[in-house]
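Predicted model only: the values in this text are computed from it and were never measured.
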Amino acid sequence: MEELELSDQCRQGNNRARKELYEQYAGRMFSVCLRYAGDRDTAQDLLHDGFLKVFSSFDKFSWRGEGSLRAWMERVFVNIALQYLRKNDVIKQSDSLERLPDDYEEPEESDVDVIPETVLMQFVRELPAGYRTVFNLYIFEEKSHKEIARILGINEKSSASQLFRAKGVLAKRVKEWLTING
């Protein structure tokens, strides 16, 4: 089924269409959940909650062309993940990491290109929750620090600081991986 027909059928409560929607998008939505949650069990719970929300919210979806269903679903899943993180106060919990330098050297893009995407995403998942959340919102959702601050209930400087620290941790991990794997 095409996106438009699939969304119309889901809006009408067609269980076959809902099953098809799940089968078509579960992998991608699980990746979104895992990117925010950091662990598979929590991501699986968020995936379940996200699909329940999607199925009950089709009246809020409006077709805007090919890709709009996927984009709307991704927003729903990001919001479900952020709601979970806020509810559990995960964002404000501080993990103790070794002191990062005030500056770090970003790896060359050509160096990063040799690292498999699965490895890079694992590095992102392993970030402390606050760093990971800000990093995801800034990099993948293209939110500004002002928007991130509003979404997470933190100040802009905290958002910028957490992004800087996330990038520092990731740069260190990339450098270590490149040293080991050539």
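- Shown here is F135, whose CZ atom has more than 12 heavy atoms of other residues, nucleotides or ligands within 6.0 Å.
- For the pair D8 and L4, the minimum side-chain heavy-atom distance is below 4.5 Å.
- Annotation: side chain of R18 is not in contact with side chain of V54 (no heavy-atom distance under 4.5 Å).
- The salt bridge (Lys or Arg N to Asp or Glu O under 4.0 Å) check on R35 picks up E141, with sequence neighbours excluded.
- Between W72 and F58, the angle of the ring planes lies from 30° to 60°, which puts this pair in the tilted group.
- A donor-acceptor contact under 3.5 angstrom links the side chains of D39 and T42, judged on distance only.
- Looking at R125 and Q122, their side chains do bring a donor and an acceptor atom within 3.5 Å of each other.
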**OP:** Would you please test L21 and L69 for side chain to side chain contact (heavy atoms under 4.5 Å, CB included) and show each step?
**Re:** CA-CA 10 Å; L21 181 83; L69 176 60; 3.7 Å; yes

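- A single hydrophobic cluster is seen to contain both Y131 and V119, as judged by linkage of ILVMFWY side chains at heavy-atom distances under 4.5 Å, directly or through other members.
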Subject >> Test side chain to side chain contact (heavy atoms under 4.5 Å, CB included) applied to L6 and Q24, step by step >> reply: CA-CA 10 Å; L6 189 58; Q24 192 170 338; 3.5 Å; yes

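- Side-chain atoms of R70 do not come within 3.5 Å of backbone N or O of E3 as any donor-acceptor pair.
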Subject >> salt bridge (charged side-chain N to carboxylate O under 4.0 Å, His left out) between E20 and R16, worked out >> reply: CA-CA 6 Å; E20 185 172 331; R16 197 181 97 240; 5.2 Å; no

Original post:
Going through the checks in order, is the side chain to side chain contact (heavy atoms under 4.5 Å, CB included) test met by V174 and L120?
Top reply: CA-CA 8 Å; V174 164; L120 291 172; 4.1 Å; yes

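- Distance check: I139 CD1 to N136 CG gives 9.0 Å after rounding to the nearest 0.5 Å.
- Within 6.0 Å of CD on E66 lie more than 12 heavy atoms contributed by other residues, nucleotides or ligands.
- Put simply, CG on L46 and CG on N79 are 12.0 Å apart, with the number rounded to the nearest 0.5 Å.
- Between Y36 and L137, the closest side-chain pair of non-hydrogen atoms falls below 4.5 Å.
- A 4.5 Å side-chain heavy-atom check between R40 and F30 finds at least one atom pair inside the cut-off.
- The two residues I80 and G50 come nearest to each other via the heavy atoms CG1-CA, 4.0 Å.
- Pairing each heavy atom of H145 with each of S159, the nearest pair is ND1-OG, 2.7 Å.
- Atom-to-atom distance recorded for Q162:CD and I154:CD1 is 5.0 Å, nearest 0.5 angstrom.
- Atoms CD1 and NZ, from I180 and K175 in turn, are 13.0 Å apart once rounded to the nearest 0.5 Å.
- Cluster membership for M121 and V32, using ILVMFWY side-chain heavy atoms within less than 4.5 angstrom, is shared.
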Subject >> Test log, rule side chain to side chain contact (heavy atoms under 4.5 Å, CB included), inputs R150 and E156 >> reply: CA-CA 8 Å; R150 183 187 49 74; E156 287 181 54; over 6 Å; no

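- A distance of 11.0 Å separates OG of S7 from CE of M73, quoted to the nearest 0.5 Å.
- More than 12 heavy atoms of other residues, nucleotides or ligands shown are found within 6.0 angstrom of CD on E23.
- Closest of all the heavy-atom pairs between A149 and N155 is CB-C, 3.7 Å.
- A37 approaches R132 most closely through the heavy-atom pair O-NH2, 3.0 Å.
- T133 contributes a side-chain N or O that, together with a main-chain N or O of A129, makes up a donor-acceptor pair within less than 3.5 Å.
- V114 approaches W177 most closely through the heavy-atom pair O-CH2, 4.1 Å.
- Hydrophobic clustering of Ile, Leu, Val, Met, Phe, Trp and Tyr side chains at less than 4.5 Å, counting indirect connections, unites L47 with F140.
- Considering all non-hydrogen atoms of both residues, F123 and R173 come closest at CE2-NH2, 3.2 Å.
- Taking SG from C10 and CD from E5, the interatomic distance works out to 10.5 Å, rounded to the nearest 0.5 Å.
- Close placement of the F77 and F51 rings is indicated, their centers lying within 6.0 Å of each other.
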